[in-house]
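Shown next, in structure tokens, is the structure this report addresses.
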Amino acid sequence: MAGRSSEIERKWQERWYETGVNESEPDSRPKFMIIFAYPGVTGYLHVGHMRGYTYVDAISRYMRMTGHNALFPVGTHATGNGAISLANRIRSRDNATIEYMLANGCTEEQLENLGDPQRVVHFFNDVYVNQYWKRFGFLADWRRFTCTIYPDYQKFIQWQFRKLKDKGLLIQKPYFATACVECGPVAVDPSETDLQKGGRAETVEYTLLKFRCGDKFLIAATLRPETVYGQTNFWANPDVDYVEVRKDGETWVMSRPAFDKMRYQKDGLELIGVVRGRELIGRRCLAPVIHREVLVLPAMFCDPKVGTGLVTSVPSDAPDDWISLLELQRNEELMREYDLNPAEVRGIQPIAIIDTKGWGPLPAVEIIEKMGIVRSDDPRLEDAKKVVYREGFHTGRMNQACGEYAGMPVERAKDLMREMMISRGEAELFYDLSDEVVCRCGKPVVIKKVPDQWFIDYGNEWLTEDSKRQAGTMHILPPEYYANIPGVLDWFRERACVRQGNWLGTRFPFDDKWIIEAISDSTLYPIYYLVSKYFNEGSLRLDQLTEEFFDFAFLGKGDAESVSESTGIDLELVRRIRADVEYWYPLDINLGGKEHMTVHFPAFLMNHVGVLEEKYWPRGIFVNWYIIGKLGKISKSKGGAEPIPGAAEHFGVDPLRLYYVHIASPFADVEWDEEAIENYRSRMERISKTAEELKGLDGKGEMDSIDCWLLSRLNTRAARVRNGMKEYDLRGMANEVYFEMMNDIRWYVRRGGSSESIASRVLDAWTRLMAPITPHAAEEIWEGLRKECFVSLSNFPSVILDEIRLDIEQAEEFLKEAMADANEILKVTGISPRRVTFYTSPEWKRRIHAKGIEMARAKELNVPSLTKAVMADPELKSKGKEAADFSRKTAETLIKCSSEEIDRLGVVFDEFAYLIGAAAFVAQELGCEVAIFSADDPNAPDPQRKARAAQPRRPAIFIE
RNA sequence: GCAGGGGUAGCCAAGCCUGGUCAACGGCGCAAGGCUUAGGACCUUGUCCCGAAGGGGUCCGUGCGUUCAAAUCGCACCCCCUGCACCA
């Protein structure tokens with residue numbers, strides 16, 4: 001079975017690609033350009049990735065079938081060190097890597113060649129295009145394929161950066177980046193692509209406080225510069241050897257590890273001596289800002305690896321400081337050992353500086369008591385610290401002790417006070433990592449100053465404002481993201497855009513020691529697909545991709561003649577490329593996974609806004625969520641899911657495509673579940689069978705009501721699909737086409753529908769409805785209908801309003817409900833019926849019902865008003881109490897209905913005639929004799945007087 | 001910490017923006033019946049509780065509230081998840 005389905009898939013793919021169905025050129029139709037954010041070349045992709053890609057193909061197929069000229073180009077992103085690191089691992093025959101490559105279908109011979117990063121990229125480009133995207137039948141325009149390490153692409157990127165510079169969006173300033181001391185810049189993130197350990201570490205910003213102590217400065221590192229007003233003493237670890245460092249003519253004292261790290265951040269540091277921690281104890285130093293002399297006291301919690309190994313003491317707000325102070329004050333012996341004056345030490349009291357909501361003036365003292373901590377080595381101090389820091393930072397205000405900062409929220413005071421101290425020369429900044437981080441090469445990773453780093457200035461005001469304005473006009477899904485994106489754009493700051501080191505990518509055009517970083521070279525690229533085709537086919541040479549050429553092609557600057565003259569490109573071609581841009585751009589949809597929400601999508605938008613004319617700014621973003629593994633995210637490197645080609649072979653491409661589209665909303669994560677896919681596969685088989693069944697119908701008679709019903713349903717469903725697809729609701733489309741329509745068709749056949757002409761009409765439309773999601777199956781059925789062209793190129797069924805027959809749909813609904821009622825009675829009573837009699841509503845009740853509907857529509861309905869209207873009708877009045885009762889009941893029911901419900905109930909049809917027409921069917925379904933009467937019929941047999949219960953839409957039922 | 005998303009019947013999962021058609025789409029699973037030599041294939045019916053006449057009761061994380069009416073709106077609480085910048 002699988003073998004045969006893959007044959008069918010390949011057959012249609014060959015035919016599409018041979019005919020060039022997937023290739024798009026400008027014409028008179030409206031255009032629709034869509035891409036997915038191209039994947040990074042870091043190894044094999046897994047079945048989860050195909051979810052978003054499938055959405056793009058299905059959407060573009062739908063757009064093509066609804067009168068648009070659809071363009072769907074693809075490419076890959078190879079910038080970075082993914083390919084380099086993979087090539088290295090292959091070259092060194094790393095076991096896990098080799099196994100992973102082989103398991104994904106790479107052969108030993110191919111592996112031979114993959115020790116080189118460039119070849120790794122080319123290898124995977126081929127895998128992505130041929131084993132994934134073509135295998136899934138995507139109608140992508142393969143001629144436009146490009147990759148970020150292709151030389152022509154790089155010309156484009158260099159042009160983009162020149163434009164950014166022209167607009168003043170490139171800035172240069174110092175930057176502190178994570179880097180291996182040996183290999184240069186590395187990414188510190190939990191995926192640990194570049195690392196051996198420490199991926200969870202965060203960059204922390206210390207404020208270095210300078211304490212004058214004789215002719216030297218003791219350097220304390222703090223995370224809470226706002227607490228300087230509460231300083232009472234200074235801490236040093238007596239067992240640690242500190243170093244003396246020459247810094248701008250001053251002598252600084254700090255721990256050895258601090259010096260080692262600081263060298264990467266500050267220029268001209270020089271080691272000039274060593275000082276034992278013990279020697280510092282008992283000395284006095286001058287605290288910054290408050291300019292008070294404080295005593296240096298011993299503390300074991302000072303870790304030379306953290307900060308500078310020296311700490312300023314704020315016992316009011318730092319639990320560590322308070323407990324250490326307490327310990328010392330209680331320890332007579334210790335004070336004697338360090339020759340401290342016990343009275344002076346005991347005299348040190350915390351100074352309240354921050355008012356924290358829900359806390360007293362000394363939160364550190366308070367929490368130590370509350371938690372019952374008595375020793376400075378209690379591990380719970382970590383938690384105590386976190387609680388006090390968090391509460392103080394968010395809810396605290398500086399109090400009267402804090403000079404000009406009194407009354408200010410801590411959040412604000414922190415930045416202001418740090419700035420103040422730095423500007424007065426009493427403090428500096430120092431960056432460190434929260435955990436030890438080790439590079440893949442084994443050397444430590446530190447924070448390193450890059451003095452001349454280039455940034456793209458995403459914080460730029462006009463850029464941010466224009467981007468936000470544009471985002472407001474865009475079609476962004478899901479709606480939550482549309483609502484959030486202005487906030488994201490505001491938050492987006494300047495971003496380092498170049499780096500050095502071992503890295504694939506484009507040389508920075510203004511200084512080629514830099515290579516453009518991975519996110520910055522993948523933002524404006526959709527427009528490059530309009531040129532890549534000409535380069536790929538050989539109509540353009542590399543040296544012709546000049547600034548002038550791109551200026552004209554993408555910005556319309558200059559004129560075709562001079563571009564042609566200066567580059568040697570054929571004049572017609574220059575004009576054609578510009579015309580292509582004018583036709584295809586802007587991009588209608590950029591679709592990508594949720595990981596792109598805070599980085600790629602905003603950068604994508606802002607680069608378009610920054611570089612291009614307003615008319616070429618993007619029009620849409622579609623964010624999709626993931627397919628996850630049972631034990632969490634399916635990971636590229638760790639595997640955990642079947643390789644894509646294997647899944648295609650095993651389940652079939654159409655079932656997989658249907659699975660992706662239908663299993664859940666695109667905006668929710670889904671757990672990969674093979675059983676679910678099996679179900680979609682059998683669903684597809686049932687659909688083929690049902691299609692066959694439809695083909696076999698050969699009734700020749702006149703249009704019957706059930707024929708009208710099926711046609712009406714077809715049109716109703718087509719309308720729903722088209723309406724839903726305005727929001728690219730693929731799941732809704734799948735539900736209507738593969739589930740609801742299937743049920744309609746089954747019901748039609750069950751009801752005795754057999755018209756050959758209706759069946760062929762419906763099958764024709766149904767096949768076209770299937771074409772966007774399951775194109776191979778659709779082509780196969782289409783071919784069986786002896787159609788000439790591809791169903792992929794046919795028109796998506798339109799809605800013929802005249803064929804929508806609400807009365808017949810309602811009548812059929814009425815029939816189903818009547819049968820359901822009868823069945824329920826049978827179930828509850830347990831009777832095996834000999835005969836079932838239905839009595840349809842009497843005329844007078846229909847009149848009351850109609851009056852009720854009329855009044856509900858006019859918003860005039862209530863119990864007295866309807867009763868009054870009924871009593872105004874002499875004929876109804878003659879029914880007396882019966883009429884009044886029914887009128888009250890009707891009003892009570894209708895008043896609860898929504899206006900849609902009222903419309904539905906207002907549809908009029910002949911219930912009696914309809915039941916008569918369906919009597920044979922009902923008899924067959926209920927398995928007994930069926931009789932139908934109107935409650936108005938005086939001769940109707942009614943031994944149990946059931947007919948009285950008959951009402952509109954609700955026939956009375958008598959079972960014997 | 002900052003920002004965002006979510007909790008729906010045995011399971012997966014729609015609905016929530018724009019309150020009433022919601023006992024709540026659809027699927028899976030389960031049960032009964034049919035078809036069949038047989039079937040994990042297919043078709044029909046059922047699947048919260050009660051009910052020997054089409055009815056009633058309770059329900060959408062928890063608790064309040066708004067409303068004639070709440071899974072849908074508001075407030076508070078509990079619990080899960082995701083992204084956070086040189087990683088694409």
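For the numbers below, each heavy atom of this structure counts, side chains included, while hydrogens, waters and symmetry mates do not. Every chain is numbered from 1 and lettered A, B, ... according to where its sequence line falls, protein lines coming before strand lines.
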Above 12 or not: heavy atoms from other molecules or residues under 6.0 Å from CZ of A/Arg412?
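Open.
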Identify which nucleotide among [options] has an atom closest to any side-chain atom of [X], counting heavy atoms from C-beta outward.
{"X": "A/Lys827", "options": "B/C28, B/G54, B/G51", "value": "B/G51"}
{"X": "A/Met742", "options": "B/C43, B/G54, B/G27", "value": "B/C43"}
{"X": "A/Gln944", "options": "B/G54, B/A53, B/A85", "value": "B/A53"}
{"X": "A/Arg904", "options": "B/A88, B/G27, B/U21", "value": "B/U21"}
{"X": "A/Arg686", "options": "B/G54, B/A13, B/C28", "value": "B/C28"}
{"X": "A/Phe492", "options": "B/G26, B/U45, B/A85", "value": "B/A85"}
{"X": "A/Asn735", "options": "B/C25, B/A14, B/G54", "value": "B/C25"}
{"X": "A/Ile825", "options": "B/G54, B/A52, B/G27", "value": "B/G54"}
{"X": "A/Val828", "options": "B/A53, B/G26, B/U82", "value": "B/A53"}

Is the A/Tyr525 to A/His77 ring centre distance short of 6.0 Å?
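Not close enough - the centres of the two rings lie 6.0 Å or further apart.
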Looking only at the aromatic ring of each residue, does the gap between the centers of A/Tyr38 and A/Tyr53 stay below 6.0 angstrom?
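Between A/Tyr53 and A/Tyr38, the centre distance exceeds or equals 6.0 Å.
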What's the gap between B/C60 and B/A23 when it is taken at their C1' atoms, as a whole Å value?
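To the nearest whole Å, 11 Å.
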Taking the same atom, P, in B/G61 and in B/A52, what whole-Å distance lies between them?
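It comes out at 33 Å once rounded to the nearest Å.
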Between [atom2] on [N] and [atom1] on [X], what's the gap in Å once rounded to a whole number?
{"X": "A/Glu925", "N": "B/G33", "atom1": "CD", "atom2": "C1'", "answer": "13 Å"}
{"X": "A/Glu674", "N": "B/C11", "atom1": "CD", "atom2": "P", "answer": "22 Å"}
{"X": "A/Trp491", "N": "B/A85", "atom1": "CH2", "atom2": "P", "answer": "8 Å"}
{"X": "A/Lys689", "N": "B/C43", "atom1": "NZ", "atom2": "C1'", "answer": "9 Å"}
{"X": "A/Lys414", "N": "B/G1", "atom1": "NZ", "atom2": "C1'", "answer": "10 Å"}
{"X": "A/Ile831", "N": "B/G54", "atom1": "CD1", "atom2": "P", "answer": "12 Å"}
{"X": "A/Glu675", "N": "B/G10", "atom1": "CD", "atom2": "P", "answer": "19 Å"}
{"X": "A/Glu480", "N": "B/G83", "atom1": "CD", "atom2": "P", "answer": "18 Å"}

Once Watson-Crick and G-U wobble pairs under 3.5 Å are found, how is RNA chain B written in dot-bracket notation, 5' to 3', with | for any base paired to another strand?
((((((((.[[[..)....(.....]]]((((((.......))))))(((....)))...[[[[[..)....]]]]])))))))....
How is [X] classified with respect to the nucleic acid when contacts are heavy atoms under 4.0 Å: base, sugar-phosphate, or nothing?
{"X": "A/Arg493", "result": "base"}
{"X": "A/Asn484", "result": "sugar-phosphate"}
{"X": "A/Ala956", "result": "base"}
{"X": "A/Pro602", "result": "nothing"}
{"X": "A/Ile959", "result": "base"}
{"X": "A/Thr79", "result": "sugar-phosphate"}
{"X": "A/Phe958", "result": "base"}
{"X": "A/Ala496", "result": "base"}
{"X": "A/Ser665", "result": "sugar-phosphate"}

Among A/Arg904, A/Arg717, A/Arg713, whose salt bridge (Lys or Arg N to Asp or Glu O under 4.0 Å) with A/Glu809 holds?
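The residue from A/Arg904, A/Arg717, A/Arg713 that satisfies salt bridge (Lys or Arg N to Asp or Glu O under 4.0 Å) with A/Glu809 turns out to be A/Arg713.
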Can you check whether [X] has a side-chain N or O nearer than 4.0 Å to OP1 or OP2 of [N]?
{"X": "A/Arg717", "N": "B/C25", "result": "no"}
{"X": "A/Arg746", "N": "B/U44", "result": "yes"}
{"X": "A/Arg954", "N": "B/G55", "result": "yes"}

Taking only residues two or more places apart in sequence, or in another chain, which ones meet A/Asn679 in a side-chain hydrogen bond (donor to acceptor under 3.5 Å, both in side chains)?
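Once residues adjacent in sequence are excluded, A/Asn679 has no partner under the side-chain hydrogen bond (donor to acceptor under 3.5 Å, both in side chains) criterion.
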Kindly say whether, by distance alone, the side chain of A/Asn679 makes a donor-acceptor pair under 3.5 Å with the base of B/C28?
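There is none.
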List the atom pairs, donor and acceptor, that lie under 3.5 Å between side-chain atoms in residues 816-823 of chain A and the rest of the protein, sequence neighbours left out.
unit_1, atom_1, unit_2, atom_2, d
A/Asp821, OD1, A/Arg954, NH2, 3.3
A/Asp821, OD2, A/Arg954, NE, 3.2
A/Asp821, OD2, A/Arg954, NH2, 3.0
A/Asn823, ND2, A/Met819, O, 3.3

Using heavy atoms to find the nearest nucleotide of RNA chain B for A/Phe667 and A/Asn823 separately, return the residue whose nucleotide is more 5′.
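Taking each residue's closest nucleotide, the earlier one in sequence belongs to A/Phe667.
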Closest-nucleotide 5' rank along RNA chain B - winner of A/Ile957 and A/Glu740
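Nearest-nucleotide comparison on RNA chain B picks A/Glu740.
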Give a yes/no verdict on a cation-pi contact between A/Arg751 and A/Phe921, requiring under 6.0 Å between NZ or CZ and the six-membered ring centre and an angle within 45° of the axis.
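Yes, A/Arg751 sits over the ring of A/Phe921.
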Classify the side-chain pair A/His662/A/Tyr738 by whether it contains a donor and acceptor separated by less than 3.5 Å.
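There is no such pair between these side chains.
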Please state whether the rings of A/Tyr680 and A/Tyr659 are parallel, tilted or perpendicular, taking 30° and 60° as the class boundaries.
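Taking A/Tyr659 first and then A/Tyr680, their aromatic rings stand perpendicular (interplane angle over 60°).
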So A/Phe508 and A/Trp454, would you call those rings parallel, tilted or perpendicular, with 30° and 60° as cut-offs?
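Ring orientation, 0 to 90° scale: tilted.
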